[in-house]
Amino acid sequence: QVQLVESGGGSVQPGGSLRLACEQRRQRTYPYYSIAWFRQAPGKERQGIAAITSSGQTAVADSVKGRFTISQDNAKNTLYLQMNSLKPEDTGMYYCAACFGPPARVVYDDYDPCPSGYWGQGTQVTVSS
């Protein structure tokens, strides 16, 4: 079993920054391939925006490329998402997920981006003036 606990969400003005964190709590090493961030905007489908493997291979959605950075601290079992230059369209619930697929599938597969995945409860990000 894998438990994912997100933190760091909040309200920020356009142009501001936030850093999300996802702590992975597991009783044993789990063979998932990627750990990722998904975003669900109001009224829209959940979408993969960034993913990373344990070896550091990453994929980032075009909509956030250059503004968002995914990283991890393996010693702390924690995933991060640094979000800069935030826009109102970045508003949504952000979920951490452990996925049995490569980072590119998380970001580019609209049908099943996170097969057999484990999900956190999400953290809300609101970008508004």
Side-chain angles (χ1 to χ4, degrees):
Q1 187 71 13
V2 178
Q3 185 180 12
L4 304 172
V5 181
E6 302 98 335
S7 61
S11 295
V12 65
Q13 293 186 340
S17 297
L18 284 173
R19 189 175 81 155
L20 306 184
C22 171
E23 182 183 356
Q24 306 155 56
R25 301 174 183 173
R26 55 184 185 265
Q27 295 180 338
R28 60 180 176 88
T29 300
Y30 230 88
Y32 50 78
Y33 194 91
S34 304
I35 189 149
W37 289 102
F38 284 75
R39 175 173 69 197
Q40 187 164 21
K44 295 188 177 181
E45 296 288 324
R46 192 160 49 186
Q47 177 187 21
I49 57 172
I52 189 168
T53 64
S54 58
S55 62
Q57 179 188 1
T58 63
V60 180
D62 291 342
S63 61
V64 303
K65 197 168 291 183
R67 300 187 297 120
F68 291 12
T69 302
I70 188 170
S71 63
Q72 61 189 349
D73 184 331
N74 290 328
K76 295 182 179 179
N77 288 331
T78 301
L79 176 73
Y80 299 101
L81 185 68
Q82 178 66 45
M83 306 187 294
N84 298 328
S85 302
L86 282 160
K87 303 176 181 180
E89 52 263 43
D90 294 319
T91 294
M93 187 69 79
Y94 284 70
Y95 297 90
C96 176
C99 303
F100 291 87
R105 179 170 186 172
V106 170
V107 172
Y108 297 114
D109 187 338
D110 293 333
Y111 178 67
D112 190 12
C114 188
S116 303
Y118 294 91
W119 295 86
Q121 293 299 307
T123 186
Q124 177 69 35
V125 171
T126 302
V127 185
S128 174
S129 55

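- Under the ring pair (Phe, Tyr, Trp, His ring centres under 6.0 Å) criterion, the residue pairs touching residues 35-55 are F38-W119, with sequence neighbours excluded.
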Per-pair distances, 0.1 Å, donor-acceptor, side chain in residues 109-116, under 3.5 Å, sequence neighbours excluded:
unit_1, atom_1, unit_2, atom_2, d
D109, OD1, Y111, N, 2.8
D109, OD1, D112, N, 3.1
D109, OD2, R105, NE, 3.3

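- The distance from atom CE of M83 to atom OG1 of T69, rounded to the nearest 0.5 Å, is 11.0 Å.
- Smallest separation of non-hydrogen atoms from A61 and G48: CB-O, 4.0 Å.
- Within the 4.5 Å cutoff, side-chain heavy atoms of I49 are placed close to those of L81.
- Within the 4.5 Å cutoff, the side chain of K87 has no heavy atoms near those of the V127 side chain.
- Listed by first and then second residue, the disulfide bond (SG atoms under 2.5 Å apart) pairs that reach into residues 45-96 are C22-C96, sequence neighbours excluded.
- Contacts of T53 classified as side-chain contact (heavy atoms from CB on, under 4.5 Å), with partners at least two apart in sequence or in another chain: Y33, S34, S55, Q57, P103.
- Among the candidates D73, I52, I70, L20, the single residue satisfying the side chain to side chain contact (heavy atoms under 4.5 Å, CB included) test with Y80 is D73.
- Side-chain N or O atoms of E6 include one that pairs as donor or acceptor with a backbone N or O of Q121 at under 3.5 Å.
- For residues 37-58, the salt bridge (charged side-chain N to carboxylate O under 4.0 Å, His left out) pairs, not counting sequence neighbours, are R39-D90.
- Between Q72 and I35 the shortest heavy-atom distance is OE1-CG2, 4.2 Å.
- Taking every heavy atom of both residues into account, A59 and A104 meet most closely at CB-N, 3.9 Å.
- Under the side chain to side chain donor-acceptor pair (under 3.5 Å) criterion, no residue pair touches residues 95-104, with sequence neighbours excluded.
- Each salt bridge (charged side-chain N to carboxylate O under 4.0 Å, His left out) pair with one or both residues in residues 57-66, not counting sequence neighbours, appears once here: D62-K65.
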Dump the intermediate steps for side-chain contact (heavy atoms from CB on, under 4.5 Å) on V12 and T126, then the final yes or no.
CA-CA 6 Å; V12 65; T126 302; over 6 Å; no
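- Side-chain heavy atoms closer than 4.5 Å link hydrophobic residues (I, L, V, M, F, W, Y) into clusters, and following such links, even through other members, never connects F68 to V107.
- In terms of the side chain to side chain donor-acceptor pair (under 3.5 Å) criterion, residue partners of S17 (sequence neighbours excluded) are, by chain and number, N84.
- In terms of the salt bridge (Lys or Arg N to Asp or Glu O under 4.0 Å) criterion, residue partners of E23 (sequence neighbours excluded) are, by chain and number, R25.
- L79 and Y118 fall within a single hydrophobic cluster, where Ile, Leu, Val, Met, Phe, Trp and Tyr side chains are chained together by heavy-atom contacts under 4.5 Å.
- The shortest heavy-atom contact between V125 and G9 is CG2-CA, 4.2 Å.
- Considering CG of L4 and OG1 of T78, their distance stands at 10.5 Å, rounded to 0.5 Å.
- Residues T91 and Q124 have side chains in contact (heavy-atom distance under 4.5 Å, counting atoms from C-beta outward).
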